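For reference, the structure is listed below as structure tokens.
Treat the numbers as computed from the prediction; the structure is a model and nothing was measured. The residues of the chain are indexed from 1 along the displayed sequence.
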Amino acid sequence: METAHAVARDVIPSYSPCQEYRSMWNWMMLGLESNRVIGLRIAKLMRGGKAAQREAHRMVSEKMLAAAKASTSLMAGASGDKIVEQYRRKVAANAKRLSRKRSRKRKSR
């Protein structure tokens with residue numbers, strides 16, 4: 001009985017099992033990184049104020065734009081791995097932005 005890897009090698013000459021593991025790794029890391037961003041966003045939303053309001057609006061508009069970009073990329077022939085990489089870059093940028101320490105001076109009363 002042939003394994004899936006052997007069948008895939010016959011069908012796709014440049015096939016490598018490493019591609020599957022890389023794909024699984026990217027999906028897993030997207031889930032973990034997204035979880036961190038969700039936690040950071042929840043913390044920001046719980047603090048309230050204008051910053052939380054801006055973050056809520058930004059979160060919704062980013063999701064709509066990301067979905068539109070992903071669907072456009074898919075229609076243009078991008079692979080699922082490329083779409084996941086796009087999402088991971090955006091998630092990494094959000095994590096960096098949300099985890100920065102803001103040092104604003106408070107107004108004296």
Side-chain angles (χ1 to χ4, degrees):
M1 178 181 237
E2 289 186 283
T3 65
H5 296 299
V7 172
R9 256 194 318 271
D10 293 339
V11 175
I12 307 168
S14 63
Y15 170 78
S16 166
C18 293
Q19 292 170 338
E20 288 181 24
Y21 297 122
R22 187 178 311 118
S23 180
M24 287 188 310
W25 174 261
N26 279 332
W27 277 101
M28 183 184 69
M29 291 306 295
L30 176 63
L32 292 172
E33 293 160 350
S34 297
N35 189 35
R36 178 170 181 244
V37 169
I38 290 168
L40 290 167
R41 279 188 162 153
I42 288 173
K44 188 166 195 164
L45 293 172
M46 287 176 62
R47 285 192 294 267
K50 287 189 179 198
Q53 211 171 23
R54 281 191 305 269
E55 187 61 34
H57 288 288
R58 183 179 194 154
M59 180 174 57
V60 172
S61 63
E62 275 182 355
K63 290 190 184 314
M64 291 171 48
L65 288 172
K69 184 176 180 180
S71 62
T72 303
S73 296
L74 278 173
M75 287 188 286
S79 68
D81 288 334
K82 292 294 179 190
I83 304 298
V84 172
E85 287 173 15
Q86 287 176 4
Y87 274 106
R88 284 192 67 199
R89 279 193 297 274
K90 191 65 177 169
V91 169
N94 280 331
K96 184 177 179 180
R97 178 180 54 80
L98 289 165
S99 61
R100 276 191 302 227
K101 298 283 183 195
R102 302 269 181 187
S103 59
R104 286 191 186 180
K105 293 183 180 180
R106 293 187 177 193
K107 294 179 182 178
S108 305
R109 290 185 183 195

Worksheet, complete the sentence: Correct closest heavy-atom pair for A52 and L45 would be O-CD2, 3.3 Å
Discussion item. Other residues, nucleotides and ligands only: do more than 12 of their heavy atoms fall within 6.0 Å of CE on M24?
Written reply: yes
Worksheet item: Can you tell me if CE on M46 sees more than 12 non-hydrogen neighbours from other groups inside 6.0 Å?
Response: no
Practice prompt. Apply side-chain contact (heavy atoms from CB on, under 4.5 Å) to K90 and Y87, showing your working.
Written response: CA-CA 5 Å; K90 191 65 177 169; Y87 274 106; 5.7 Å; no
Worksheet item: Going from CG on L65 to OG1 on T72, what distance comes out if it is rounded to the nearest 0.5 angstrom?
Response: 10.5 Å
Worksheet item: With the 4.5 Å side-chain cut-off for hydrophobic clustering, are V84 and I38 part of the same group?
Response: no
Discussion item. Just verifying a value: how many Å separate L98 CG and I42 CD1, rounded to the nearest 0.5 Å?
Written reply: 11.5 Å
Worksheet entry | E33 side, atom CD; N26 side, atom CG - distance, nearest 0.5 Å | 8.5 Å
Worksheet item: Given E55, which of R47, R41, K50 fulfils the side-chain hydrogen bond (donor to acceptor under 3.5 Å, both in side chains) condition?
Response: R41
Discussion item. Let's go through M59 and K44 carefully: what are the C-alpha distance in whole Å and the side-chain angles of both, what is the deciding distance for side-chain contact (heavy atoms from CB on, under 4.5 Å) to 0.1 Å, and is it a yes or a no?
Written reply: CA-CA 12 Å; M59 180 174 57; K44 188 166 195 164; over 6 Å; no
Worksheet entry | Exercise: identify the closest heavy-atom pair between R58 and S61 | O-OG, 3.1 Å
Discussion item. Walk me through whether N94 and E62 qualify under side-chain hydrogen bond (donor to acceptor under 3.5 Å, both in side chains).
Written reply: CA-CA 10 Å; N94 280 331; E62 275 182 355; 3.0 Å; yes
Fill in: Chi angles and distances behind the side-chain contact (heavy atoms from CB on, under 4.5 Å) call for S99, R36
CA-CA 10 Å; S99 61; R36 178 170 181 244; 3.6 Å; yes
Discussion item. Within this structure, what is the CG-CD distance for the pair D81 and Q86, rounded to the nearest 0.5 Å?
Written reply: 11.5 Å
Item to complete: Kindly compute the distance separating CD (E85) from OG (S23), expressed to the nearest 0.5 Å.
Response: 9.5 Å
Worksheet, complete the sentence: Heavy-atom nearest pair, I83 first then S73, reads CD1-CB, 3.3 Å
